[in-house]
Number of protein chains: 2
Amino acid sequence: MTIAEVSKKYGLSVDTLRYYEKAGLIPPVNRKENGIRDYTEQDCGWVEFIKCMRAAGLSIEVLRQYIELYARGNRTLQKRKSLLVAERDRLKERIGQMQQTLKRLNYKISVYEQKITACEKKLLK
Amino acid sequence: MTIAEVSKKYGLSVDTLRYYEKAGLIPPVNRKENGIRDYTEQDCGWVEFIKCMRAAGLSIEVLRQYIELYARGNRTLQKRKSLLVAERDRLKERIGQMQQTLKRLNYKISVYEQKITACEKKLLK
DNA sequence: GCTTGACTTAGAGTACACTCCAGATATTAC
DNA sequence: GTAATATCTGGAGTGTACTCTAAGTCAAGC
């Protein structure tokens, strides 16, 4: 799979795909003899994983660390798990906060609806 | 209330408080004769609101627009509501995505737990 | 009266995450 | 064979949201 195809498939720019690889968010991508990237299924899996984690707000740095640990093999299992647990907890926290804010926005919107209805009635009088 | 007190109360730096005001995220703060900010209860309310919205990921620009509409008074009620509805929908979307990712992380962590247990057993053999 | 410390401003600097550019090379279409 | 298109690299540029600096003002304590 070419970089353009992967770009289209996941909705990430080719620049971003190269950036992620260079930054170590994705293990080095398979190349053809001429040096051109040829993404395997596994490469695509990593792209999808990183896209998902980035969308949830995990930082470039923490994902880079995770891939680094992954590259160091089985003896980093515990460390990788700890990293994921820490990020999971942070994510949970953020979601909780955002749900509070969602409620608040919903309430605010309902208040606006009442105000707008009140204003319309005034105009009809 | 001085800027230092508000900073402490809401956990925002004094720089950030001044930045928010300058950027129009908060209506101009009350001043003493000598030009020093003297936050009223209402000013604090705005700070708290903006802090909450920022934490949920609403952009500086959209909050600036909201405050601008607010400053223009009653005839912007409908526009303000539309803005809040749009942001509420975006927030909902983000929360949904993050909840998916939370599930995925939890699953990944459980897989790590299994792998780690398996590794320990091997070592004990 | 003078130092200390909190406040003021405008504007420069920083961190993060891309995004774009220039110049080179390679493949495809005609 | 040559023009167009896609890829490559290193490195510069951009947008967002702060964060810091410099230079100045003011009130309180010694």
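Computed over heavy atoms, backbone and side chain alike; hydrogens, waters and symmetry mates excluded. A, B, ... follow the sequence lines: proteins, then strands. Residue 1 opens every chain.
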Short side-chain N/O contact from B/Arg54 to OP1 or OP2 of D/dC18, under 4.0 Å:
yes
For the residue pair A/Tyr112 and B/Tyr66, categorise the inter-ring angle as parallel (less than 30°), tilted (30 to 60°) or perpendicular (more than 60°).
perpendicular
Among all residues two or more places apart in sequence or in another chain, which pass the side-chain hydrogen bond (donor to acceptor under 3.5 Å, both in side chains) test with B/Arg88?
A/Asn106
Sorted by number, residues from residues 14-30 of chain A placing a heavy atom under 4.0 Å from DNA chain C are A/Asp15, A/Thr16, A/Tyr19, A/Tyr20
From CE (B/Met98) to CD1 (B/Ile95), nearest 0.5 Å:
8.0 Å
Going by heavy atoms in the side chains, are A/Thr2 and A/Glu5 under 4.5 Å from each other?
yes
Taking CG from B/Leu58 and P from D/dA17, how many angstroms apart are they, rounded to a whole number?
10 Å
Return whichever of A/Glu33 or A/Ser13 has its heavy-atom-nearest nucleotide of DNA chain C closer to the 5' end.
A/Ser13
Opening and closing nucleotides of DNA chain C in contact with chain A, under 4.0 Å to non-hydrogen atoms
C/dA17 to C/dT27
Heavy atoms only: give me the nearest B/Glu61-B/Arg64 pair and the separation to one decimal.
OE2-NH2, 2.9 Å
Just how far, in rounded Å, is P of D/dA17 from CZ of B/Arg64?
12 Å
Mind calculating the distance between CD1 (A/Ile3) and C1' (D/dA6) to the nearest angstrom?
11 Å
Within the 3.5 Å criterion, strictly below it, is a donor on B/Thr101 or B/Gln97 matched to an acceptor on the partner's side chain?
yes
Aromatic ring pairing B/Tyr70/B/Trp46, orientation class (parallel under 30°, perpendicular over 60°, tilted between)
perpendicular
Protein-nucleotide distance (B/Asn34, atom CG; D/dC26, atom C1'), rounded to Å:
7 Å
Cation over ring, B/Lys9 on B/Tyr39, under 6.0 Å and within 45°?
no
